[in-house]
Amino acid sequence: MMAAFDLQLYFRGPLSSCNYDCDYCPFAKHVSSREELAADRLAVERFVDWCERNPKRRLSILFTPWGEGLIRQWIQAALLRLAALPHVVAVAIQTNLSTRLDWLDPLDHLPDHARASLGLWTTYHPTQVALAAFLERSAELVRRRVSHSVGVVGLREHFPAITELRERLPESVTLWINAYKTAGPGYYSADEHAWLAGIDPMFEHNAVRHRSLGQACATGASSLLVRGDGSLTRCHFVDTVIGNLYTDDLERVLGPAPCPQSQCGCFIGYSHLDRLGLRERFGLGLAARILPQRDSLP
């Protein structure tokens, strides 16, 4: 069976600011300098230019900014440019969904595959926005036929919001829960764990830190993290630079190598561990964390 994509690219530029004030986030209410914003815009546009000039691989792309990037017009434009490329089979961004959605209007004038390729990995932050307002943005995405997932951090104080999200979201919208692992493995009771797993079929994977040292992993072989300057690492959690997107031949950069980390607890990392089979299970939904419909129901 043909793989859903040839190369997964994660992009993280110098942007490190957010319009939200979550108490667990180091970038809460951080304001970027004019210089940082200008540098991020140049980095994003350079990355999109590279993608346009390199059509031989089927690309899946996820923007993972430190903070909120979708409020920036150049990132909105980048997503649309990438979605329009026939060799970009999926493109998404992690976002709090706080921005207006009229930036999606040009989809009506792009090739049909652009709407199918574009996805949003959205997260609901109960302390930052009313649930009704967030659900209205989600409903607008459904009306616009833009695929998206919805997630929330699985803190106990978020349980009522998780219940209401699943009740009010269409069954077709994937709801994922990031397990609160900071408190240690005993944070959830057995009943709480079972309840969360009943809502999110992938919760069992997210609730643990996976053994990864020496394990076969697609990162470095068919998945890379691209920094703003083009430097490449195998993933977000391994700092060793293995090349540069703009100056090196990817054929020489890409290659299988076992994971050098002792464990992996984040979806954008462990989803590439071969033994878990999650790349195959998510397919083209991997970038936006969208499960195929047959898997998404509780």
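- Judged by a 6.0 Å distance limit and a 45° cone about the ring axis, Arg289 is positioned over the six-membered ring of Phe267.
- When each of Trp66, Phe63, Trp50 is checked for a ring-ring contact (aromatic ring centres under 6.0 Å, His included) with Phe11, only Phe63 meets the rule.
- Residues Leu135 and Leu169 are in side-chain contact: their nearest non-hydrogen atoms beyond the backbone lie under 4.5 Å apart.
- Residues Val48 and Ala78 share a closest heavy-atom pair of CG2-CB, 3.6 Å.
- Note on Glu251 versus Lys56: salt bridge recorded, some NZ/NE/NH1/NH2 to OD/OE distance being below 4.0 Å.
- Ring-plane geometry between Tyr188 and Phe159 is classed as parallel, the angle between the planes falling under 30 degrees on a 0 to 90 degree scale with a further cut at 60.
- Using a cut-off of 4.0 Å between Lys/Arg side-chain N and Asp/Glu carboxylate O, Arg143 and Glu136 are scored as salt-bridged.
- Nearest heavy-atom pair across Val88 and Ser117 is O-OG, 3.2 Å.
- The CG atom of Leu79 sits 10.0 Å away from atom CG of Leu107, with the distance rounded to the nearest 0.5 Å.
- The two residues Ser60 and Val89 come nearest to each other via the heavy atoms N-CG2, 4.5 Å.
- A 4.5 Å side-chain heavy-atom check between Phe282 and Met202 finds at least one atom pair inside the cut-off.
- A donor-acceptor distance shorter than 3.5 angstrom exists from the side chain of Arg137 to the backbone of Thr99, with no hydrogens or angles considered.
- Taken to the nearest 0.5 Å, the CZ atom of Arg234 stands 9.5 Å off from the OG1 atom of Thr240.
- Counting only distance, with no hydrogens or angles, the side chain of Lys181 and the backbone of Ala207 share no donor-acceptor pair below 3.5 Å.
- Taking 4.5 Å as the limit, some side-chain heavy atom of Cys217 sits within range of a side-chain heavy atom of Leu273.
- Remark: the Asn19 side chain and the Asn96 side chain contain an N/O donor-acceptor pair separated by less than 3.5 Å.
- No chain of hydrophobic side-chain contacts below 4.5 Å, direct or via other Ile, Leu, Val, Met, Phe, Trp or Tyr residues, connects Leu213 to Val238.
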Between Ile242 and Thr233, is the side-chain contact (heavy atoms from CB on, under 4.5 Å) condition met? List the steps. CA-CA 6 Å; Ile242 58 176; Thr233 62; 5.7 Å; no
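- Rounded to the nearest 0.5 Å, atoms CG (Leu9) and OG1 (Thr64) are 11.0 Å apart.
- The two residues Thr163 and Trp195 have their closest heavy-atom pair at OG1-CZ2, 3.1 Å.
- Annotation: side chain of Gln215 is not in contact with side chain of Asp274 (no heavy-atom distance under 4.5 Å).
- Remark: of the listed residues Leu15, Ile75, Asp49, Ile75 is the sole one forming a side-chain contact (heavy atoms from CB on, under 4.5 Å) with Val44.
- In the hydrophobic clustering of this structure, Leu165 does not group with Ile290; members are Ile, Leu, Val, Met, Phe, Trp, Tyr whose side-chain heavy atoms approach within less than 4.5 Å, directly or through other members.
- Leu141 and Ile93 fall within the same hydrophobic cluster, defined by Ile, Leu, Val, Met, Phe, Trp and Tyr side-chain heavy atoms under 4.5 Å apart, directly or through other members.
- Gln261 and Ser212 form no side-chain donor-acceptor contact under 3.5 Å, judged by distance and modelled atom types alone.
- Rounding to the nearest 0.5 Å gives a distance of 6.5 Å between CG of Asn244 and OG of Ser231.
- Rounding to the nearest 0.5 Å gives a distance of 8.0 Å between CG of Asp102 and CD of Gln76.
- Looking only at side-chain heavy atoms (C-beta outward), Tyr10 and Ile268 come within less than 4.5 Å of each other.
- Side chain of Asp248 to backbone of Leu250: no donor-acceptor contact under 3.5 angstrom is found.
- Put simply, the side chain of His113 gets close to the backbone of Ala84: a donor and an acceptor are under 3.5 Å apart.
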In sequence, state the C-alpha distance, the side-chain angles, and the governing distance for Ser222 and Asp6, and then conclude on side chain to side chain donor-acceptor pair (under 3.5 Å). CA-CA 7 Å; Ser222 58; Asp6 300 319; over 6 Å; no
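- Leu284 and Leu62 fall within the same hydrophobic cluster, defined by Ile, Leu, Val, Met, Phe, Trp and Tyr side-chain heavy atoms under 4.5 Å apart, directly or through other members.
- Ring-centre distance between Phe5 and His87: not below the 6.0 Å cut-off.
- Surrounding CD of Glu45 are more than 12 heavy atoms belonging to other residues, nucleotides or ligands, all under 6.0 Å away.
- Separating the CG atom in Leu254 from the OG1 atom in Thr219 is a distance of 11.0 Å, to the nearest 0.5 Å.
- Using a 4.5 Å heavy-atom threshold, the side chains of Trp121 and Thr95 count as separate.
- Looking at every heavy atom in both residues, Cys51 comes nearest to Leu59 through SG-CD1, 4.1 Å.
- For Glu68 (side chain) and Leu70 (main-chain N/O), a donor-acceptor pair under 3.5 Å exists by modelled atom type.
- No donor-acceptor contact under 3.5 angstrom links the side chains of Gln263 and Arg211, judged on distance only.
- Leu118 and Leu101 fall within a single hydrophobic cluster, where Ile, Leu, Val, Met, Phe, Trp and Tyr side chains are chained together by heavy-atom contacts under 4.5 Å.
- In the model, Ser149 has no side-chain atom that pairs as donor or acceptor with a side-chain atom of Thr174 under 3.5 Å.
- With a 4.5 Å cut-off on side-chain heavy atoms, Tyr187 and Thr182 do not count as touching.
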Salt bridge (Lys or Arg N to Asp or Glu O under 4.0 Å) between Asp108 and Arg115, intermediate numbers included: CA-CA 8 Å; Asp108 293 335; Arg115 194 182 303 273; 2.8 Å; yes
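- Panel note: side chain Gln128, backbone His125; no donor-acceptor pair is recorded below 3.5 Å.
- Under the 3.5 Å distance criterion, the side-chain polar atoms of His210 are matched with a main-chain donor or acceptor of His205.
- The minimum heavy-atom distance linking Ala39 with Pro14 is given by the pair C-CG, 3.8 Å.
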Go through the steps for Phe203 and Trp176 under the test ring pair (Phe, Tyr, Trp, His ring centres under 6.0 Å), then give the verdict. CA-CA 7 Å; Phe203 184 75; Trp176 49 264; over 10 Å; no
Using the rule given for side-chain contact (heavy atoms from CB on, under 4.5 Å), can you reason through Arg46 versus Tyr246, listing the C-alpha separation, both sets of side-chain angles and the distance that settles it, and then say yes or no? CA-CA 9 Å; Arg46 188 184 188 191; Tyr246 307 127; 3.2 Å; yes
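- Side chains of Arg72 and Arg41 form no contact here, defined as non-hydrogen atoms less than 4.5 Å apart.
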Check the pair Leu286 / Ser271 against side-chain contact (heavy atoms from CB on, under 4.5 Å), numbers first and verdict last. CA-CA 8 Å; Leu286 184 71; Ser271 60; 4.0 Å; yes
Is there a side-chain contact (heavy atoms from CB on, under 4.5 Å) between Ile177 and Ile162 once you walk through the steps? CA-CA 8 Å; Ile177 301 161; Ile162 291 170; 4.0 Å; yes
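- Of the N and O atoms on the side chains of His193 and Glu204, at least one donor lies less than 3.5 Å from an acceptor on the other residue.
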